[in-house]
There are 2 protein chains.
Amino acid sequence: MQKPRIKDVAARAGVGVSTVSVVLNNVEGARVSPETRERILSAARALGYTSNPIARSLRTRRTQTIGFVGDDIATTPFAGRMIQGAQDAAWQAGYLLFLVNTGGEHALERHAVRALLDRRVDGVIYATMYHRHVEIPEMLGDVSTVVLDACPTNGSVPYVVPDERGGAAAAVGELLRAGHRRIGFATESLEVPAASGRLAGYHETLAAARIPADPELVVAEHGDTTGGYRAATRLFDLGERPTAIFCYNDRMAMGCYRAAAERGLRIPYDLSVVGYDDQDLIAPELSPALTTVALPHYEMGTWAVRRLLELIRDDPEQSAQGHLMPCPLVRRDSVGPPPR
Amino acid sequence: MQKPRIKDVAARAGVGVSTVSVVLNNVEGARVSPETRERILSAARALGYTSNPIARSLRTRRTQTIGFVGDDIATTPFAGRMIQGAQDAAWQAGYLLFLVNTGGEHALERHAVRALLDRRVDGVIYATMYHRHVEIPEMLGDVSTVVLDACPTNGSVPYVVPDERGGAAAAVGELLRAGHRRIGFATESLEVPAASGRLAGYHETLAAARIPADPELVVAEHGDTTGGYRAATRLFDLGERPTAIFCYNDRMAMGCYRAAAERGLRIPYDLSVVGYDDQDLIAPELSPALTTVALPHYEMGTWAVRRLLELIRDDPEQSAQGHLMPCPLVRRDSVGPPPR
DNA sequence: TCGATTTGCTGAATCGTTTCTTCAAGGAGA
DNA sequence: TCTCCTTGAAGAAACGATTCAGCAAATCGA
């Protein structure tokens, strides 16, 4: 059995197709008698009619579709959250998501954007899987665009990134509240926005508490387990070792745990640790479970789509600004008062 | 500047639109002189013409689009790989992926499938984020479908799942080759296909090596870190403790590491361990790095899409069978010869 | 040379909507 | 009674492709 067309509904209701269209789309200011309206609605219901979006798109030039282009959707657990946030928000609004991943290749990316524009997507989410600066393809000038988890260096489109500074402030604040005054920061040696933002938050929060900055307490290593191990070791070797360490991410915190274990330092009694990222398989599974700061990937995904829908629906409104999404502190068991 | 239409190309080349269509689509058996063909192609190139897929779809009833419905695309790191595999395969074939996630809710799932059918997707990938049995929505009977990472209990559609049994055999085989004869299995207490498959692989491989089954050596706990810890503890408390433990997954292996550390058992000298899943943040990060079995999610994703495209292109060919995707062993540092 | 076939191409119908224009009927006002 | 609005609805023209049937001109066989 073929899907019913609008013509079938019209025939069953004994009216013209245009009237059916007008009724089913609730066109403003259309004049249709209540009886006719009811006849049409019940005919549509009886036939199980749903309009063909392809034909509709052809006529209206809108597809109720948005393109999601990401540089890497598989290798980070965060990507899924962003995608899911975007998907949920789109779905709620009656939009569907075209997903394309480019592997970070420039040529493929241009190809992908072209393919999406060809398909007449109503808008595009341009996402990167970790917070950084990006140059967005100029082709995106032709369509509403929102950048997700990155700062665009060209064009002027809305974007959303995590509030790294605020998250770091929350982490350090938690340690201050526990009574710590000598707080180390094991940071990432790469020049990424996340590192500079978190470092800034660390410094600001200490300054606000009138604790003088001690350059010794900031050590940079690779942002992985062994980097964390090394950073912690260096901090332990200081003349006066810190009573708490704020780690750039959970993986470094994991290395920090290992270094502490080797020195016989018990967390949180001899040492307090706070991480960043709230990674599923690390933070809750370490023992003791790690207090950390969560990245709001899901929320950024929904924000991006909602902002995009505003762009699509309203007039352009070129007030292209960035949005900082707060990073909530997740309290677990790795923070205690300083020893003695 | 508006996008050029086929009519513009025709006008520029001085031919009719039908000829342009025939040339650009490389229609078989069409008779067009080489000169005309060349004129049309260069006109199209000059105008930067690309056909409007919406209009094309309306006429041809094909959308070059496939729907991917998953029950949960965010919370597992595996989901991303499957999606990426599917996306890559689709992209290669000129298809785009509509992504929908249902959160496992039945109502939402029906809604999602209906939305995809409304949009006239050419096919649907029905994916679950861990290997299990599913009942697929009957609406999917109207469209080509492939089930990904699950066994459909109704209908007869192709599906692909990991070869759990083979993976377990590889893991146990590795331990046998290292010289172990007394090998424990820390399994998951839930009744899931992965657990029964891996258990079967374990038994078969031991049997093939003429090692009598010892029921004591199989202990079931929750499939997480604490479950692994408990299972390992129980195995250590046996009269004659195993020299190697095959863990249902990497998280259990992580718990097993912890239990071993507490008893002063050094891996791989006093105890060998093999995991399953090859989880990014666990297997390579543990110390020593964990030998484990990888789940072929990316490959399953590409397989599913390729199979789906066959279904779409060829005649139905109702030979709906399941495919077992091999799980490769990943050698790291947690396996050594048995002690003494 | 003449009909028959092949070649190369065109026009028009079609896909299923939306939307603009038109139009008949009925009621109101003069 | 005649004209002018208003109301309710229908018809037809888009949207931009594909594809089928048809039609001149060229070629061919005898």
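This one's a predicted model, so the numbers in the text were calculated from it and none came from an experiment. Every chain is numbered from 1 and lettered A, B, ... according to where its sequence line falls, protein lines coming before strand lines.
One finds the NE2 atom of A:H297 at 4.0 Å from the CE atom of A:M300 (value rounded to the nearest 0.5 Å). Taking CG from B:L117 and NZ from A:K3, the interatomic distance works out to 6.5 Å, rounded to the nearest 0.5 Å. Interatomic distance, A:L116 CG to A:T65 OG1, rounded to the nearest 0.5 Å: 10.0 Å.
Rounded to 10°, the angle separating the first-five-pair axis and the last-five-pair axis of the helix from C:dT1-D:dA30 to C:dA30-D:dT1 equals 60°.
Proximity of a side-chain donor or acceptor of B:R39 to a complementary backbone N or O of B:R37 within less than 3.5 Å is not detected. Within the 3.5 Å criterion, the main-chain N or O of A:P53 finds a donor-acceptor partner in the side chain of A:S57.
In this structure, B:R56 atom CZ and C:dG16 atom C1' are separated by 18 Å, rounded to whole Å. A straight line from CD1 of B:I6 to P of C:dG11 spans 14 Å, rounded to a whole angstrom. Atom P of nucleotide C:dC15 and atom CZ of A:R5 are separated by 7 Å, given to the nearest angstrom.
Between B:Y95 and B:D122, some side-chain heavy-atom pair lies under the 4.5 Å cut-off. Between A:I66 and A:V121 the shortest side-chain heavy-atom distance does not fall below 4.5 Å. Taking 4.5 Å as the limit, some side-chain heavy atom of A:R306 sits within range of a side-chain heavy atom of A:Q92. Put simply, the side chain of B:Y126 reaches to within 4.5 Å of the side chain of B:L140, judged on heavy atoms.
Take A:R132 and apply the salt bridge (Lys or Arg N to Asp or Glu O under 4.0 Å) test, not counting sequence neighbours, and it matches A:D71. Partners of A:R56 under the side-chain hydrogen bond (donor to acceptor under 3.5 Å, both in side chains) rule, at least two apart in sequence or in another chain, are A:N25, A:S51.
Within a heavy-atom distance below 4.0 Å of DNA chain D, the residues of residues 57-67 of chain A found are A:L58, A:R59, A:R61. In the region residues 14-44 of chain B, proximity to DNA chain D at under 4.0 angstrom, judged on heavy atoms, holds for B:S18, B:S21, B:N25.
Between A:F98 and B:F98, the ring center distance clears the sub-6.0 Å criterion.
Scanning DNA chain D 5' to 3' for nucleotides with an atom closer than 4.0 angstrom to a non-hydrogen atom of chain A gives a first and last hit of D:dT7 to D:dG16.
Within a 6.0 Å sphere centred on NE2 of B:H323, heavy atoms belonging to other residues, nucleotides or ligands number more than 12.
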